[in-house]
2 protein chains.
Amino acid sequence: MPLSPETRERLSVSLAQLVRSGRHMSSRAATHLHGDLPSFGWPLLLPLESDGDLRCSALAVRAGIDVSVASRQVAALERAGYVERRPDPQDGRASLLRITARGLEALTTSRALRSEWTGTALAGWDDADAHRLADLVDRLLTDIERAVTASPPSAAGHHDPQAVAG
Amino acid sequence: MPLSPETRERLSVSLAQLVRSGRHMSSRAATHLHGDLPSFGWPLLLPLESDGDLRCSALAVRAGIDVSVASRQVAALERAGYVERRPDPQDGRASLLRITARGLEALTTSRALRSEWTGTALAGWDDADAHRLADLVDRLLTDIERAVTASPPSAAGHHDPQAVAG
DNA sequence: ATCAATGCTTGCAGACCGCAACCATACTCT
DNA sequence: AGAGTATGGTTGCGGTCTGCAAGCATTGAT
């Protein structure tokens, strides 16, 4: 039972605005959300925290960016001491990345900042609505990922965009 | 009645992922969503469509970008024929921007593409859930805007150039 | 008439992105 | 083993989007 055209359009417009709004917040200037982490630290450190050591290419896939970009950003995080690398015992070409204590700390700080900001912005919300929204967003994310991986979005480019509406 | 810390954190993480995911779809390569519109056309043409003629500065506020950026993007849209400008009768410095028939057409096409994509990605959803999500997202957007305007982001930090790319 | 304020444009630089070329290592095949 | 290919990662390059600051033209107040 598919969605009605009106619902589809309304949802796509709302999501586009949300994405646009959020883009502004992940900007470099948003230190009230990042702490001392560079703006790209969050999507890289998060998989490293939850899934242990990863290779650069695996990290790139998780973060939805090109390996070359991940390589540069990881190098920056390494210089800043948030991440350390050791040679992969399985493969001499690869390195395994691990989050450092400092990285964990920065991640925790950033998480607290985000959480705090969310709390003040959503002061009028109750837990039930927030949970509903989180549930729906999570479901949306999995469906988006499925849709993107299922049908290549562009014939020419075979990049890995997990793009949605916006 | 404030949100619990767990809910806040979960929501902030989910929304961050959604924003990150959506970022890629506003890329220039996502012609399956933009049609022949440039990627920045959507957030500019949308206010022009709904609110009639606007000045460049008003448009920048609506789109959430700097006036200088809006100026450049509007110039591009004008060159492409999606927008036309006429002198503001009230003020010789300003121009009034209006969406052209071609702009309306492109906007309609883009809207249809987005709607179609949303329909396939959210194939398993029913109208009720989609409506719930759209309602919550809209409410979230208004609350975010309120929070942002209440405490201006420029107050938090000036620019913090930690150049890292190599 | 003068001078500050306003609307917009442009020069500049930063941040992020992907592609292509490249090197070193691993794997496959004969 | 040796040759050829595939893979992981890095770097050069260009492109896009962004904001800041300086500049220009017009407006409005003194």
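These numbers were taken from a predicted model, which means no experiment stands behind them. Just so it is clear: chains get the letters A, B, ... in the order the sequence lines come, proteins before strands, and each one is counted from 1.
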Whole-Å distance between [N] [atom2] and [X] [atom1]?
X	N	atom1	atom2	answer
L54(A)	dG9(D)	CG	P	10 Å
L96(A)	dG8(D)	CG	C1'	12 Å
R23(B)	dG18(C)	CZ	P	10 Å
D88(A)	dT7(D)	CG	C1'	13 Å
I65(A)	dG9(D)	CD1	C1'	14 Å
H24(A)	dA15(C)	NE2	P	16 Å
D66(A)	dT16(D)	CG	C1'	16 Å
H34(B)	dT16(D)	NE2	P	14 Å

Under-4.0 Å side-chain N/O to phosphate OP1/OP2 contact, S57(B) with dC8(C)
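Yes, S57(B) has a side-chain N/O under 4.0 Å of OP1/OP2 on dC8(C).
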
What heavy-atom pair brings [X] and [Y] nearest, and what distance separates the two atoms?
X	Y	answer
A106(B)	L37(B)	CB-CG, 3.8 Å
L97(A)	V83(A)	CD2-CG1, 4.2 Å
H34(B)	L113(B)	C-CD1, 4.2 Å
L45(B)	G103(B)	CD2-O, 3.9 Å

Report the residues that fulfil side-chain hydrogen bond (donor to acceptor under 3.5 Å, both in side chains) with T7(B), sequence neighbours left out, ordered by chain and then residue number.
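side-chain hydrogen bond (donor to acceptor under 3.5 Å, both in side chains) list for T7(B), sorted by chain: D127(A), S4(B).
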
Qualifying residues under side-chain hydrogen bond (donor to acceptor under 3.5 Å, both in side chains), relative to S68(A), sequence neighbours excluded:
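For S68(A), the residues satisfying side-chain hydrogen bond (donor to acceptor under 3.5 Å, both in side chains) (neighbours in sequence not counted) are D66(A).
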
Measuring from atom OG1 of T109(A) to atom CG of L104(A), what distance do you get when rounded to the nearest 0.5 angstrom?
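Interatomic distance, T109(A) OG1 to L104(A) CG, rounded to 0.5 Å: 10.5 Å.
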
Less than 4.5 Å apart, any side-chain heavy atom of R10(A) and any of V137(B)?
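Sidechains of V137(B) and R10(A): no contact.
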
Just one of T100(A), I99(A), L77(A) clears the side chain to side chain contact (heavy atoms under 4.5 Å, CB included) bar with L48(A), so which one?
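When side chain to side chain contact (heavy atoms under 4.5 Å, CB included) is applied between L48(A) and each of T100(A), I99(A), L77(A), only I99(A) qualifies.
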
Hey, does R55(B) reach any base, or is it just sugar-phosphate, or nothing, if we go heavy atoms under 4.0 Å?
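The residue R55(B) makes sugar-phosphate contact but no base contact.
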
Within the 4.0 Å heavy-atom criterion, would you say S68(A) contacts the bases, only the backbone, or no part of the nucleic acid?
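Base contact.
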
Could you check which of [options] has an atom nearest any side-chain atom of [X]?
X	options	result
V67(B)	dG8(D), dC16(C), dT9(C)	dT9(C)
R20(A)	dT18(D), dG7(C), dG8(D)	dT18(D)
V69(B)	dG19(D), dG8(D), dT9(C)	dG19(D)

Among all residues two or more places apart in sequence or in another chain, which pass the salt bridge (charged side-chain N to carboxylate O under 4.0 Å, His left out) test with E49(A)?
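R111(A).
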
Angle between terminal axes - the helix from dA1(C)-dT30(D) to dT30(C)-dA1(D), 5 pairs each end, rounded to 10°:
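Result, rounded to 10 degrees: 10°.
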
Between the protein and nucleotides 27-30 of chain D, list every N/O to N/O distance that falls short of 3.5 Å.
unit_1: dT27(D); atom_1: OP1; unit_2: G92(B); atom_2: N; d: 2.9

Note: R132(A)-D135(A) ion pair, threshold 4.0 Å (strictly below)
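No.
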
Has the side chain of R72(A) got a donor or acceptor atom sitting under 3.5 Å from an opposite partner on the base of dG12(D)?
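Indeed, a donor on one side and an acceptor on the other fall under 3.5 Å apart.
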
Quick one: do S110(A) and R114(A) satisfy side chain to side chain donor-acceptor pair (under 3.5 Å)? Show the steps, please.
CA-CA 6 Å; S110(A) 175; R114(A) 286 161 188 266; 3.3 Å; yes

Heavy-atom contacts under 4.0 Å between residues 73-85 of chain B and DNA chain C, which residues?
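Heavy-atom contacts with DNA chain C come from R85(B).
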
